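One structure is given here, and the rest of the page talks about it.
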Amino acid sequence: MNQEIRLRFAPSPTGALHIGGLRTALYNYLLAKKLGGKFILRIEDTDQTRFVEGAEKYIIDSLIWAGLVPDEGVGFDGPYGPYRQSERTAIYKENVQNLINKGYAYYAFDTPEELEKMRAELATEANTMPKYDYKSRLKMKNSLTFSKEDTENYLQSGKPYVIRLCVPVNEKVQIKDIIRGEVSFQSEELDDKVLIKSDGLPTYHLANVVDDRLMKISHVVRGEEWLSSTAHHVLLYRYFGWEAEMPEFAHLPLILKPNGKGKLSKRDGAEFGFPVFPIDWKKDNDYFPGFREFGFLPEAVLNFLALLGWNSGTEQELFSLHEMIQNFSLEQIGKGGARFDFDKAKWFNAQYIQKSDPEIIKREILKLYKEQNLDPNETQINIIYSLYKERVHLLTEFYSQAKYIVTDQFDLNKDFVEKKWNNDAYEKYLRLIEDLKNLDNWTKERLEPVLKNFMEKESLKMGEVLPSLRVMLSGTPMGPDIYNMILALKREDLLERIEKNLEKLKTAK
RNA sequence: GCCCCGUUCGUCUAUCGGUUAGGACACCAGAUUUUCAUUCUGGUAAGAGGGGUUCGACUCCCCUACGGGGUACCA
């Protein structure tokens, strides 16, 4: 087999792309690039009832943010378009006609009510969910039970109908899955899947097989939720006469909720306090901040996602996209579902903040402050970066922790005020301010003796003075080296700020 | 209910019949930072249970349990 390598990521535009989808895209991208092939974006918009405005653009924007830019697809062109399934209905109809001619598909005229009735009537204890299959199809209204004339008449009448796959009896359907090995189904267990819906649009099953064939897809890498229906897909390939050139299949394990109970869903973000979307998603009155808004670098998200299920077989944890491509293989993907671990995601991000080109991080810092209507100068940005790059896990912390360098608008840490601050020290700090005022030419070397003196004279410990001073300076008792913090501010501003916040501490207590 | 897939430290995982079961996150302790964070060092911690196969099983087979997915004119 010496065919071109082509992989597709095929989401449906029913809402924001979630992080599991992004991982699927990543694995497709990695394999495509590893094998020197193409990465294709196909939009599976065959369900008009679930169509969500803006979702398609969101998917594209997310992929671009993450750096997984398609070679072909919706928004990127290519020789196998259109890449939007809603624009390919004629193709599906033509192909399904071929199936009907060969007797592998048939028309079905049952209304939703009639289907429901069938399920209710046929339900037994041993089979609580009866299917439209070899057992029931001859009891239903379809071209198998209608005479030729009746079928013709029905079709002409303009009444709605669907086209179903006629699944055989007593056949073993085998699937070769790169991740799971051989998986087999007995055909009696399979239902007569709808291929064309009454609105004339295809279902996923038909559309994905036809498109994968026509778009010359070499590998289908998708979520585990598709494993069961792959048997139907194999049958379709067979009936179309394409079985010998079927793509290879790989079904990915799912990303689970942190508590392991079920797959990660869109609502979990709000519940557990972490992002589940790459970038922010606004819909009606809902707003979901994404990884980007939480302060993640895309490289970190990719690295985190890649390792959620895949490993290189070595002890390396940090991979650039390029290294991931070099090392990737589907065989190295685990079979079990992986729980989402936000702590680990943050750890990756901290690593990337430290590793990344300082200019990129500084640009992000500036953006962050601009969003808050602050305009730090270059010197301040440099100070923020160098003082905090080893302390933060999220880019947003460059603002939340370091904004005191740019503004004096911040609250004093409540916990400190209540538990640590003692008003007995008030007078002492007044005297420190005097000492500082009397000191000119501030440098670390000149400040140090002043502070040491102060502690000795007032019999205060480092552990009391440093947090207290930090609170007066920045609002929180934690932070980088105190001298660096002091020197990060202008002398007059600093003195003024300490005085002001010392008063605040006193009155707040 | 039925079908399919899965199950190694709390979490992500390595191991592809013979290892003191390794690494990472988290956690704990010590060192450094005369504070916090970072960093460094060390530590706690795992093969769901039961049967086989084998000289030998985390690795292979079967059963059970548990988890997940599917069972739509949704993808």
Side-chain angles (χ1 to χ4, degrees), chain A residues 10-14 44-47 49-50 85 108 110-112 115-116 119 123-133 160-164 175 177 179-181 183-186 188-191 193-205 207-208 222-231 251 253-254 256 258 260-263 304 307-318 331-332 334-348 350 354 388-393 401 452 455 461-470 476-482:
Chain A
S12 44
T14 55
E44 311 226 323
D45 55 347
T46 54
D47 185 355
T49 64
R50 292 208 307 159
Q85 289 185 329
D110 318 272
T111 64
L115 289 176
E116 218 167 287
R119 290 191 181 108
T124 62
E125 260 182 48
N127 182 15
T128 58
M129 302 280 260
K131 294 187 270 280
Y132 204 117
D133 61 5
Y161 64 90
V162 302
I163 296 173
R164 285 181 182 269
I175 296 159
D177 186 283
I179 295 173
R180 287 152 212 284
V183 179
S184 66
F185 294 84
Q186 204 49 42
E188 300 83 74
E189 290 150 7
L190 274 27
D191 66 340
K193 282 254 175 302
V194 169
L195 264 19
I196 299 278
K197 296 177 278 185
S198 58
D199 62 5
L201 293 176
T203 57
Y204 172 86
H205 308 293
N208 107 87
R222 81 238 285 198
E224 194 185 3
E225 67 267 32
W226 296 111
L227 185 54
S228 303
S229 51
T230 305
H251 289 91
L254 270 17
L256 274 20
K261 294 200 189 310
K263 66 174 172 179
F304 164 67
L307 277 274
L308 215 54
W310 169 79
N311 75 88
S312 68
T314 69
E315 284 175 358
Q316 186 177 348
E317 299 273 335
L318 264 19
E331 286 78 7
Q332 285 286 351
K335 303 184 211 308
R339 297 189 199 191
F340 183 91
D341 181 354
F342 193 44
D343 279 329
K344 191 128 185 191
K346 283 196 287 195
W347 177 80
F348 274 110
Q354 292 180 37
Y388 284 88
K389 70 169 172 176
E390 277 162 10
R391 307 180 64 88
V392 301
H393 286 81
Q401 292 184 22
K452 291 217 164 131
M455 285 185 271
K461 288 193 207 102
M462 200 59 120
E464 306 172 73
V465 173
L466 260 27
S468 300
L469 275 178
R470 283 213 184 85
T476 89
M478 294 185 298
D481 177 73
I482 189 74

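Everything numeric here is computed off the predicted structure, so don't read it as measured data. Keep in mind that the numbers below use all heavy atoms, side chains included, and drop hydrogens, waters and symmetry copies.
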Nearest-angstrom distance from the residue atom [atom1] of [X] to [atom2] of [N]:
X: Glu125(A); N: G1(B); atom1: CD; atom2: P; value: 11 Å
X: Leu469(A); N: U35(B); atom1: CG; atom2: P; value: 15 Å
X: Glu315(A); N: C25(B); atom1: CD; atom2: P; value: 12 Å
X: Asn311(A); N: C16(B); atom1: CG; atom2: C1'; value: 12 Å
X: Ile175(A); N: G69(B); atom1: CD1; atom2: P; value: 19 Å
X: Glu224(A); N: G67(B); atom1: CD; atom2: P; value: 16 Å
X: Tyr204(A); N: A72(B); atom1: OH; atom2: P; value: 17 Å
X: Leu256(A); N: G67(B); atom1: CG; atom2: P; value: 12 Å

For [N], give its Watson-Crick or G-U wobble partner with both distances under 3.5 Å, or none.
N: U32(B); answer: none
N: C27(B); answer: G43(B)
N: A72(B); answer: none
N: A65(B); answer: U7(B)
N: A21(B); answer: none

Could you tell me how far [M] sits from [N] if I compare only their [atom1] atoms? Round to whole Å.
N: A29(B); M: G68(B); atom1: C1'; result: 38 Å
N: U35(B); M: A24(B); atom1: P; result: 27 Å
N: U32(B); M: C25(B); atom1: C1'; result: 23 Å
N: U44(B); M: C27(B); atom1: C1'; result: 9 Å
N: A57(B); M: U15(B); atom1: C1'; result: 13 Å
N: A46(B); M: U53(B); atom1: C1'; result: 25 Å
N: C9(B); M: C3(B); atom1: P; result: 29 Å
N: G43(B); M: C4(B); atom1: C1'; result: 43 Å

Which of the following nucleotides, [options], is nearest to the side chain of [X]?
X: Thr128(A); options: G1(B), U71(B), U13(B); value: G1(B)
X: Leu115(A); options: C73(B), C12(B), A75(B); value: C73(B)
X: Met462(A); options: C73(B), U35(B), C5(B); value: U35(B)
X: Lys261(A); options: G68(B), A75(B), C3(B); value: G68(B)
X: Asp341(A); options: U11(B), A24(B), G1(B); value: U11(B)
X: Pro467(A); options: C73(B), C12(B), U35(B); value: U35(B)
X: Leu254(A); options: A72(B), C73(B), G69(B); value: G69(B)
X: Trp226(A); options: A75(B), C5(B), G68(B); value: A75(B)
X: Glu225(A); options: G69(B), C73(B), C5(B); value: G69(B)

Side-chain N or O of [X] less than 4.0 angstrom from OP1 or OP2 on [N]?
X: Thr46(A); N: A75(B); result: yes
X: Lys197(A); N: C74(B); result: yes
X: Arg470(A); N: C36(B); result: no
X: Arg180(A); N: C5(B); result: no
X: Asn127(A); N: C2(B); result: no

Would a distance-only check, ignoring hydrogens and angles, find a side-chain to backbone donor-acceptor pair under 3.5 Å from [X] to [Y]?
X: Asp110(A); Y: Leu115(A); result: no
X: Asp133(A); Y: Leu190(A); result: no
X: Ser312(A); Y: Thr314(A); result: yes
X: Lys197(A); Y: Thr46(A); result: yes

Base, sugar-phosphate or nothing for [X]? Non-hydrogen atoms, less than 4.0 Å.
X: Ser12(A); answer: sugar-phosphate
X: Arg339(A); answer: sugar-phosphate
X: Pro11(A); answer: nothing
X: Phe340(A); answer: nothing
X: Val162(A); answer: base
X: Asp177(A); answer: nothing
X: Gly334(A); answer: nothing
X: Arg119(A); answer: sugar-phosphate
X: Lys263(A); answer: sugar-phosphate
X: Pro202(A); answer: sugar-phosphate

- Item | Glu189(A) CD to Lys131(A) NZ distance, which is reported to the nearest 0.5 Å |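 If we round to the nearest 0.5 Å, Glu189(A):CD and Lys131(A):NZ are 7.0 Å apart.
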
Side-chain donor/acceptor of [X] to base of [N], under 3.5 Å:
X: Arg391(A); N: C36(B); value: yes
X: Ser228(A); N: G70(B); value: no
X: Lys344(A); N: A24(B); value: yes

- Query: How about Pro253(A) and Arg180(A): do any of their side-chain heavy atoms sit closer than 4.5 Å?
  - Reply: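 The answer is yes; the side chains approach within 4.5 Å.
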
- Query: Should Pro202(A) and Gln85(A) count as side-chain neighbours, where that means a heavy-atom distance under 4.5 Å?
  - Reply: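 No - every pair of side-chain heavy atoms lies 4.5 Å or more apart.
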
- Query: So, for Phe340(A) and Phe304(A), is the gap between ring centers shorter than 6.0 Å?
  - Reply: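 Yes.
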
- Message: Reading RNA chain B from 5' onward, which residue's closest nucleotide shows up sooner: Gly479(A) or Thr124(A)?
- Response: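 Its nearest nucleotide lies further toward 5', so the answer is Thr124(A).
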
- Where each residue is assigned the nucleotide of RNA chain B containing its nearest heavy atom, which of Asp343(A) and Asp481(A) is assigned the position nearer the 5′ end?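 Between the two, 5'-proximity favours Asp343(A).
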
- Task: Grab the two heavy atoms, one from Gly479(A) and one from Arg470(A), that are nearest each other, plus how far apart they are.
- Result: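 That would be O-NH2, 3.3 Å.
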
- Task: Would you please classify the geometry between the Trp226(A) ring and the His205(A) ring as parallel, tilted or perpendicular, with 30° and 60° separating the classes?
- Result: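 Perpendicular: the ring planes of His205(A) and Trp226(A) meet at over 60°.
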
